[in-house]
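Presented below is the structure to which this report refers.
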Amino acid sequence: MPVATLTMITGGAYLLANISLAFVTQQTVAVVLMCVYIMLAFVVFHFIMDLHRYYWLRQVMNKSES
């Protein structure tokens, strides 16, 4: 993709974001941030459960070898 096209897309997105931010209230920002934090909490929980499963499987494999 040519650099000029990427620049036009980026500039257009920047202008669109600035225009849309003019209509956003502080309450909307708070709701969006709460949704982002909830999503991050689920992602962290998912990673923790993957780590737990990895260590549990490693422990089971080590027991079966000895």
Side-chain angles (χ1 to χ4, degrees):
M1 189 177 286
V3 176
T5 305
L6 287 175
T7 306
M8 285 185 355
I9 292 172
T10 305
Y14 178 76
L15 287 174
L16 184 65
N18 279 332
I19 291 171
S20 65
L21 281 176
F23 302 107
V24 173
T25 62
Q26 191 167 0
Q27 186 175 7
T28 308
V29 172
V31 169
V32 169
L33 282 177
M34 286 191 319
C35 292
V36 168
Y37 291 149
I38 290 171
M39 181 188 66
L40 285 175
F42 280 117
V43 168
V44 169
F45 175 74
H46 173 74
F47 287 146
I48 289 172
M49 292 308 292
D50 278 349
L51 280 174
H52 172 72
R53 183 174 54 186
Y54 169 77
Y55 285 117
W56 180 80
L57 285 174
R58 181 64 74 180
Q59 184 180 15
V60 169
M61 286 174 47
N62 286 340
K63 280 185 180 177
S64 65
E65 289 175 359
S66 18

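Side-chain atoms are counted along with the backbone in the values below, which use heavy atoms only and exclude waters and symmetry mates.
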Using 0.5 Å steps for rounding, measure from the [atom1] atom of [X] to the [atom2] atom of [Y].
X	Y	atom1	atom2	result
His52	Met49	NE2	CE	5.5 Å
Leu33	Leu40	CG	CG	10.5 Å
Gln59	Tyr55	CD	OH	12.0 Å

| task | Indicate if Tyr37 and Val29 have the same hydrophobic cluster label, given that clusters are the connected sets of ILVMFWY residues with side-chain heavy-atom separations under 4.5 angstrom. | result | yes
Anything under 3.5 Å between a donor and an acceptor, one on a side chain of residues 15-27, the other on a protein residue two or more places apart or in another chain? List them.
unit_1 : atom_1 : unit_2 : atom_2 : d
Asn18  : ND2    : Tyr14  : OH     : 3.4
Ser20  : OG     : Leu16  : O      : 3.2
Ser20  : OG     : Ala17  : O      : 2.9
Thr25  : OG1    : Thr28  : N      : 3.4
Thr25  : OG1    : Thr28  : OG1    : 3.0

